[in-house]
Novice: 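To start, I am sharing the structure in question, which I have written as structure tokens.
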Amino acid sequence: MLRTHTCGELGMEHVGQEVTLCGWVDTLRDHGGAVFVDLRDRYGKTQVVAAPEAGPQLVDSVSRLRNEYVVRVTGTVAPRPEGTVNSKLATGEIELRAQQLEVLNTCVPPPFTPSQQEVPGEDLRLRYRYLDLRRPEMQRTMLLRGRIVKVMRDYCAEHGFIDVETPMLGRSTPEGARDYLVPSRVQRGKFYALPQSPQLYKQILMVAGYDRYVQVARCFRDEDLRADRQPEFTQLDLEMAFVTAEDVIAMIDGLVARLAREILGLEVPLPLPRITYDEAMRRFGHDAPDRRFALEIVDCTDLAAACEFRVFQSAAHRGDFVRGLRVPRTAARFSRKRIDELTEYVKQDFAAQGLVWFRVTDEGQLESSVAKNFTAEMLAQIAQRMAAEPGDLLLFVADTWEVTCKALHGLRKRLGAELKLYDPQQMHFSWVVEFPMFEFDKEEQRWDAMHHPFTSPRPQDLTLLDSDPGQCRAQAYDLVINGYEAGGGTIRIHDSRTQQKVFDLLGIDPQMARERFGFLLDALQYGAPPHGGIALGIDRIVMLFARLDNIRDCIAFPKTQRAMDMMTEAPGEVDDRQLQELGLTIKKPEP
RNA sequence: GGGGCCGUAGCUCAAUUGGUUAGAGUACUGGACUGUCGAUCCAGUGGUUGCGGGUUCGAGUCCCGUCGGCCUCGCCA
């Protein structure tokens, strides 16, 4: 080792020792006679002093150091003179009296330094990611990520899970997200697909009898990015045989509690709270509600049907819904302009027709530009239904079920943050269960799998497969943290007859099924045990545990919104020779 | 594919609602300084205002296009 200690560990107990440190020059303070260097590595910072006693040559060479030079310093640990102790530094009681300096490497003037206070623009940070990753915030997140993954691995190992790797070069299966494709050289014109998840492999491992499987698995989806979505991301993927949904949920409950305890020092009471999908949509308008605050949706469709206000009445009469939020004690803070902004928001982002609002007066009356369209009695009924109190603001959307869900969820999220209805440090873990098996695709006029086509219906809903697929509920469960889907899983279908039925419903005919999932159907015939599992989004969990609002900050080398790596400039063009070998020609877009 | 925000010195930002020579802090370069820790003091270098067009007597500022970053709808079983 080129060093005897790190820059974060020296203290009073080391005084008098001769030590050698290696690190980067974080800051340089040159006083002419004495020069101070803060030497930084990932463990911390230590002040190095080149004092006149060490000789003019050493002082001179230390003063010629520059930001981010990599150096090796040998010297004696000394207590700092009285009054110069730096309490902001873990090593602030001591300093290293330099005797020897070796410049291990120089550094050209960097576009930004880890020591500067302003965080540079994200494009610059991504381009010079190696500098960005030197920043203490980034190092803290990366370390946290490592600890989280270790807890996950330890927990799974302790519970008998076997870590098995599955292929990255697989075959494209239809539905789901768009695949990233890899052309085959040996079989011209054919393609591998990078896995969207190891779903089918892990089911086949269950058939193989590896009854508890786990993998920290990289997954790829070629879809548009978001703050919480990257084209490649990491899942804690696991699967268990001879289990019910309860068993999987209980297993993850234990993991969540352990993560909360070991990473956040938080005791989370188990079992984690659960609500059904239907309840989530009713109360929160979303299948991954942020339950750190209330602001729940209230249905007023029945009142609307009986009222004189045409917007409400006609919505109710055509089978749509009138639902609203009671925003407590905010009427005074919401000008017409601000309400108009919210109206614009629900129109623009969720295609809602509009927003109907009421302010609750000190006397408990509802006032609004549309209030004249209601009888006093109806207003009172609405106020009562909404549990309105003086000073509240009531917001209503009259639209299809889907639009009311989306718009009110959007409003709820936005108002929750803007009005600071929750402590951003707070963590809320919960489950959403009993998802529908299918959703109806109106454009294609057919049923789609809500989760994936291997999801098992609840046993009591099996008959609904034939009679009323829309009512059929799946043995599916999503882990929700602070309004984010942090993981999701299902009990799978383990008999080929049920599987066939589901394929039929989804319009996957036997031949198609054969071509695409033949290997799985085969496997299911060779003694497949009942099985199920879950995949947790590691990047998102790190993001939430680190209290960040963006997934890129939890990934060492993330991609931009256009799926570019700004450091390597991937994706890049390839040689004609490479294309030729693959039998590919590129159709250039017309200018 | 749609909507929105942003792009000015290496970096972070400012620039009178279109007006003269585009500024500040920091970084960088040189100098001074023996106790600093966001060191301080003095001096200096540094600009195609992302790019292209347009409107105007005059554009960093307004308009159109384009490139890039971010947020978002669609999309993401």
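Fair warning: this is a prediction, and the values are worked out from it, not measured in the lab.
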Novice: Between A/E68 and A/R40, does at least one N-O distance fall below 4.0 Å, as a salt bridge requires?
Specialist: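 Salt bridge between A/E68 and A/R40, a charged N being under 4.0 Å from a carboxylate O: yes.
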
Novice: Of all the nucleotides listed (B/G30, B/C37, B/C71), which has the minimum atom distance to the side chain of A/R66?
Specialist: B/G30

Novice: Would you kindly compare A/P453 and A/K559 by the position of their nearest RNA chain B nucleotide and give the one closer to the 5′ end?
Specialist: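 The residue whose closest nucleotide sits nearer the 5' end is A/K559.
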
Novice: Expressed in angstrom and rounded to an integer, what is the separation of A/D228 atom CG from B/C71 atom C1'?
Specialist: 12 Å

Novice: Could you please name the option among B/C33, B/U12, B/C37 that lies closest to any side-chain atom of A/P120?
Specialist: B/U12

Novice: If the C1' atom of B/C6 is compared with that of B/C13, how far apart are they to the nearest Å?
Specialist: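 Going atom to atom, C1' in each nucleotide, I get 13 Å.
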
Novice: If pairing requires Watson-Crick or G-U wobble contacts with both distances under 3.5 Å, which nucleotide is the partner of B/G47?
Specialist: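 When the pairing criteria are applied, nothing turns out to pair with B/G47, so the answer is none.
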
Novice: Round to the nearest Å and state the distance from A/L65 atom CG to B/U29 atom C1'.
Specialist: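 Value for this atom pair: 17 Å.
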
Novice: So for A/Q116 and B/G38, does any side-chain atom that can act as donor or acceptor lie under 3.5 Å from a complementary atom in the base?
Specialist: no

Novice: Quiz question: going by heavy-atom distance under 3.5 Å, is there a donor-acceptor pair between the base of B/C75 and the side chain of A/R229?
Specialist: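 Counting by modelled atom types and ignoring angles, a donor-acceptor contact under 3.5 Å is found here.
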
Novice: For B/G74 and A/R178 - does any side-chain N or O of the residue sit under 4.0 Å from the phosphate oxygens OP1/OP2?
Specialist: no

Novice: Give a yes or no on whether a salt bridge exists between A/D349 and A/K406, defined as a side-chain N under 4.0 angstrom from a carboxylate O.
Specialist: no

Novice: With heavy atoms under 4.0 Å as the rule, sort A/R552 into base, sugar-phosphate or nothing.
Specialist: sugar-phosphate

Novice: Flag the pair A/D228 and A/R540 as a salt bridge only when some basic side-chain nitrogen lies within less than 4.0 angstrom of an acidic carboxylate oxygen.
Specialist: yes

Novice: Figure out the CD1/P separation between A/I551 and B/C70, and round it to whole Å.
Specialist: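 So the two atoms are 13 Å apart, to the nearest Å.
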
Novice: For A/Q475 and A/T490, does a side-chain donor sit closer than 3.5 Å to a side-chain acceptor?
Specialist: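 No - no donor-acceptor pair under 3.5 Å links their side chains.
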
Novice: How many Å lie between CD on A/E82 and C1' on B/U36, as a whole number?
Specialist: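 So the CD-C1' distance, A/E82 to B/U36, works out to 17 Å.
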
Novice: Taking atom CD1 of A/I493 and atom NZ of A/K501, what is their separation to the nearest 0.5 Å?
Specialist: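 Those atoms lie 11.0 Å apart.
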
Novice: Is the shortest side-chain N to carboxylate O distance from A/E223 to A/R221 below 4.0 Å?
Specialist: no

Novice: Using atom P of each nucleotide, how far apart are B/G25 and B/C42 to the nearest Å?
Specialist: 11 Å

Novice: Check this for me: does any side-chain nitrogen of one of A/R135 and A/D132 sit under 4.0 Å from a carboxylate oxygen of the other?
Specialist: yes

Novice: Are A/H31 and the base of B/G35 stacked, counting only ring centres nearer than 5.5 Å and planes tilted under 30°?
Specialist: no

Novice: Under 4.0 Å, heavy atoms only, any strand: does A/E122 hit a base, just the sugar-phosphate, or nothing?
Specialist: sugar-phosphate

Novice: Any N or O donor-acceptor pair under 3.5 Å from the base of B/C73 to the side chain of A/D349?
Specialist: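 Such a pair does not exist between side chain and base.
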
Novice: Just the rounded figure in Å: distance from P of B/C70 to CG of A/D549.
Specialist: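 Checked: the CG to P distance equals 13 Å.
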
Novice: Heavy atoms only, 4.0 Å cut-off, all strands: where does A/S197 land among base, sugar-phosphate and nothing?
Specialist: base

Novice: Under 4.0 Å between a Lys/Arg side-chain N and an Asp/Glu carboxylate O for A/R218 and A/E232?
Specialist: yes

Novice: Taking the same atom, P, in B/G54 and in B/U72, what whole-Å distance lies between them?
Specialist: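 Going atom to atom, P in each nucleotide, I get 38 Å.
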
Novice: Go through B/C37, B/C76, B/G3 for me and flag the one nearest to the A/Q348 side chain.
Specialist: B/G3

Novice: Check the phosphate of B/C71 against A/Q561, side-chain N and O only, distance under 4.0 Å to OP1 or OP2. Yes or no?
Specialist: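 Indeed, a polar side-chain atom of A/Q561 lies that close.
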
Novice: Report the base-pairing partner of B/U40 (Watson-Crick or G-U wobble, both distances below 3.5 angstrom), or none.
Specialist: B/A32

Novice: Does A/R29 put a side-chain nitrogen or oxygen below 4.0 Å from OP1 or OP2 of B/U36?
Specialist: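 No.
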
Novice: Is there, by distance only and without an angle test, a donor paired with an acceptor across the side chain of A/R226 and the base of B/C70 below 3.5 Å?
Specialist: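 A donor-acceptor contact between them is absent.
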
Novice: I would like to know whether A/R125 and A/D553 meet salt bridge (Lys or Arg N to Asp or Glu O under 4.0 Å); could you show each step before the answer?
Specialist: CA-CA 10 Å; A/R125 291 173 52 204; A/D553 284 347; 3.1 Å; yes

Novice: Polar-atom pairs under 3.5 Å, protein N or O versus N or O of nucleotides 5-8 of chain B: list them with distances, or write none.
Specialist:
none

Novice: Check A/D237 with A/K202, please: is the shortest side-chain N to carboxylate O separation under 4.0 Å?
Specialist: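 Counted as a salt bridge, because a side-chain N and a carboxylate O are separated by less than 4.0 Å.
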
Novice: B/C73 phosphate, OP1 or OP2: any side-chain N/O from A/K347 under 4.0 angstrom?
Specialist: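 False: A/K347 side-chain N/O out of range (4.0 Å or more) of B/C73 OP1/OP2.
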
Novice: Under 3.5 Å, is there any donor-acceptor pair linking the side chain of A/R127 to the base of B/G69?
Specialist: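 Answer is no: no donor-acceptor pair is held.
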
Novice: So, are A/D340 and A/R338 salt-bridged, with charged N and O less than 4.0 Å apart?
Specialist: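 Not counted as a salt bridge, because no side-chain N and carboxylate O are separated by less than 4.0 Å.
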
Novice: Nearest whole angstrom, please: distance from the C1' of B/U40 to the CG of A/D30.
Specialist: 12 Å

Novice: For the pair A/D224 and A/R229, find out whether any cationic side-chain nitrogen is under 4.0 Å from an anionic carboxylate oxygen.
Specialist: no

Novice: For a quick check of understanding: with a heavy-atom distance under 4.0 Å over all strands, which category does A/R562 fall into, base, sugar-phosphate or nothing?
Specialist: sugar-phosphate

Novice: Is the phosphate of B/C28, meaning OP1 or OP2, less than 4.0 Å from a side-chain N or O of A/N67?
Specialist: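 Yes.
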
Novice: In the structure shown, which nucleotide is the Watson-Crick or G-U wobble counterpart of B/C5, with both distances under 3.5 Å?
Specialist: B/G69

Novice: Under 4.0 Å, counting only non-hydrogen atoms across every strand here, what does A/G83 touch: a base, just sugar-phosphate, or nothing?
Specialist: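 Contact class for A/G83: none.
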
Novice: Using the P atom in both, what is the distance from B/U20 to B/C62, to the nearest Å?
Specialist: 16 Å

Novice: Using heavy atoms to find the nearest nucleotide of RNA chain B for A/R540 and A/A227 separately, return the residue whose nucleotide is more 5′.
Specialist: A/A227

Novice: For atom C1', what is the distance between B/A39 and B/A32, given to the nearest Å?
Specialist: 14 Å

Novice: Between B/U29, B/C11, B/G1, which nucleotide gets closest to the side-chain atoms of A/D224?
Specialist: B/G1

Novice: Assign A/R64 to base, sugar-phosphate, or nothing according to its heavy-atom contacts below 4.0 angstrom with the strands shown.
Specialist: nothing

Novice: How far does the P atom of B/A43 sit from the matching atom of B/A24, given to the nearest Å?
Specialist: 12 Å

Novice: Below 4.0 angstrom from OP1 or OP2 of B/G69, is there any side-chain N or O of A/T560?
Specialist: yes

Novice: A/V119 near the nucleic acid: base, sugar-phosphate alone, or nothing, with a heavy-atom cut-off under 4.0 Å?
Specialist: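 Result for A/V119 = sugar-phosphate.
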
Novice: With a 4.0 Å cut-off on heavy atoms, is A/Q196 in touch with a base, just the backbone sugar-phosphate, or nothing at all?
Specialist: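 No contact.
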
Novice: Need one value for A/S115: base, sugar-phosphate or nothing, where a base atom within 4.0 Å counts as base even if backbone is also close, heavy atoms only.
Specialist: nothing

Novice: Under 4.0 Å, heavy atoms only, any strand: does A/L225 hit a base, just the sugar-phosphate, or nothing?
Specialist: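 Counting heavy atoms under 4.0 Å across all strands, no contact is made by A/L225.
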
Novice: In whole angstroms, how far is the P atom of B/G4 from the CZ atom of A/R414?
Specialist: 15 Å

Novice: Taking the same atom, P, in B/C64 and in B/C5, what whole-Å distance lies between them?
Specialist: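 So the two P atoms sit 12 Å from each other.
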
Novice: Would you indicate which nucleotide in B/G74, B/G68, B/G35 comes nearest to any side-chain atom of A/K406?
Specialist: B/G74

Novice: Go through the N and O atoms of the side chain of A/Q117 and the base of B/U12, and report whether any donor-acceptor pair is under 3.5 Å.
Specialist: no

Novice: Is B/U56 paired to anything, Watson-Crick or G-U wobble with both distances less than 3.5 Å, and if yes, which nucleotide?
Specialist: none

Novice: Going by ring centres under 5.5 Å and near-parallel planes (under 30°), is A/F36 stacked on B/U36?
Specialist: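 Stack criterion met.
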
Novice: Taking the same atom, C1', in B/U61 and in B/A15, what whole-Å distance lies between them?
Specialist: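 To the nearest whole Å, 10 Å.
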
